[in-house]
Amino acid sequence: MCGRYSLATPAQNDLRARFALGESLEIRRRFNVAPGDDVVAVTTSKEGVARGELLRWGLVPHWAKDARTGFKMINARAETVDEKPAYRGALATRRCLIVADGFYEWQRREGAPKLPWHVTRADGAPFAFAGLWAIWHGPAEQVLRTCTIITTQANARLADVHDRMPVILRDQGEEEAWLDHATPVPVALELLRPLPDELTGRRAVGPAVNDARHDEPDCLDDAPAGGEPAPSLF
DNA sequence: CCAGACGTTGTT
DNA sequence: GTCTGG
DNA sequence: CCAGACGTTGTT
DNA sequence: GTCTGG
């Protein structure tokens with residue numbers, strides 16, 4: 001799945017050019033983005049123009065009674081996203097990009113603490129998750145713009161760490177197709193594949209990332225020696 | 001018809 | 001809002 | 001995803 | 001165990 005990620009790339013101007021985020025959007029270096037945070041995203045206006053904005057991670061559908069619903073909807077399964085009532089409408093008209101440069105997966109181990117891995121593109125370049133977004137009108141004048149990250153089966157490169165991974169669009173062409181309102185849903189669904197093994201990089205990291213409130217560079221530090229999976233005793 | 005869910009992951 | 005289950 | 005709470009009454 | 005908050 002995808003419950004934590006990074007956008008640590010220091011070159012903000014490169015990000016603005018690469019993803020058409022606009023000049024005014026504030027882009028902070030993030031080492032530990034968690035559900036409930038405002039995240040850097042690209043949506044499409046009614047006129048069909050891509051624009052950068054901040055969306056709260058955790059989709060709150062327009063019919064939700066309260067905003068806490070979002071914590072249950074941080075991911076949408078690619079295999080069923082066109083069937084689920086909570087996502088089907090968004091799939092047709094509110095697809096978005098969520099800008100990142102890595103994500104974290106926790107590997108469960110017998111007799112040892114869960115080991116976090118930082119997964120990136122093999123070349124370390126920033127990328128976009130395939131996402132969906134929604135607008136929610138709360139009590140008073142409260143308006144929330146929220147999003148979810150689509151997940152799929154993990155590729156072979158990550159199979160020993162976890163069985164799910166977020167959908168990372170492969171290139172700018174796929175990103176434009178995902179954002180384009182003219183792309184029919186069946187065509188958009190074809191983009192929801194695992195990143196190819198040869199484009200995937202991974203590195204075990206230390207426990208700093210475990211705490212969602214800790215958003216510091218040491219989240220990316222190498223796992224301490226002995227943190228790698230020990231040979232099974234049996 | 002009304003009531004209640006609407007989500008994913010991992011673990012038992 | 002829309003679908004499913006009762 | 002992980003971490004941390006999981007409760008009520010009454011008083012400030 | 002399950003829910004909430006980050």
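Residue numbers begin at 1 in each chain, while the letters A, B, ... track the order of the sequences.
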From CA spacing to verdict: salt bridge (Lys or Arg N to Asp or Glu O under 4.0 Å), A/R88, A/D82: CA-CA 5 Å; A/R88 220 183 40 202; A/D82 61 336; over 6 Å; no

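Shown here, E/dG1 forms a base pair with D/dC6; the pair counts as Watson-Crick or G-U wobble because both key distances fall under 3.5 Å.
Taking side-chain N and O atoms only, A/R213 has no distance below 4.0 Å to OP1 or OP2 of E/dG5. Phosphate proximity of D/dC2 to A/K114: present, with a side-chain N or O under 4.0 Å from OP1 or OP2. Between A/T151 and B/dT9 there is a side-chain polar atom (N or O) within less than 4.0 angstrom of OP1 or OP2.
In the model, A/H118 has a side-chain atom that pairs as donor or acceptor with a side-chain atom of A/S6 under 3.5 Å. Neither side chain, A/H214 nor A/N210, offers a donor N or O lying under 3.5 Å from an acceptor on the other.
For the C1' atom pair drawn from E/dT2 and B/dT12, the interatomic distance equals 15 Å after rounding to whole Å. When the P atom is compared between D/dT11 and B/dC2, the two are found 47 Å apart, to the nearest whole Å. For the P atoms, the distance linking E/dG6 with B/dG4 amounts to 30 Å, nearest Å. With both ends at atom P, the span from B/dT8 to D/dC1 equals 12 Å, rounded to whole Å. Here the separation of D/dG7 from E/dG5, taken at their P atoms, is 12 Å to the nearest Å.
One interatomic measurement links the two molecules: CG of A/D37 to C1' of D/dC2, which rounds to 13 Å at whole-angstrom precision. When the P atom of D/dC1 is taken as reference, atom CZ of A/F129 falls 14 Å away, rounded to whole Å. Computed from coordinates, the A/R4 CZ to B/dT8 C1' distance equals 15 Å when rounded to whole Å. One can place CZ of A/R56 at 11 Å from C1' of E/dG6, the figure rounded to the nearest angstrom. As a whole-Å value, the separation of A/Q153 CD from B/dT9 P is 12 Å. For A/H137 and C/dG1, the NE2 to P distance is 12 Å, given to the nearest whole Å. Residue A/R108 contributes atom CZ, which lies 13 Å from atom C1' of B/dT12 at whole-angstrom precision. A/L115 has its CG atom 14 Å from the C1' atom of D/dC1, to the nearest Å.
A/D163 comes within contact range of the sugar-phosphate backbone alone, with a heavy-atom separation under 4.0 Å but no base atom that close.
If you run side-chain contact (heavy atoms from CB on, under 4.5 Å) between A/T146 and each of A/L59, A/L132, A/I135, A/T69, only A/L59 comes through.
Aromatic ring orientation, A/Y104 versus A/W106: tilted (interplanar angle from 30° to 60°).
The six-membered or imidazole ring of A/W57 lies near that of A/Y5, with a centre-to-centre distance under 6.0 Å.
A heavy atom lying under 4.0 Å from DNA chain E marks the following residues of residues 59-90 of chain A, by number: A/R68, A/F71.
Distance check: A/Q107 CD to A/R202 CZ gives 7.0 Å after rounding to the nearest 0.5 Å.
Side chain of A/T148 to main chain of A/N75: a donor-acceptor pair is present (N/O by atom type, distance under 3.5 Å, no hydrogens or angles).
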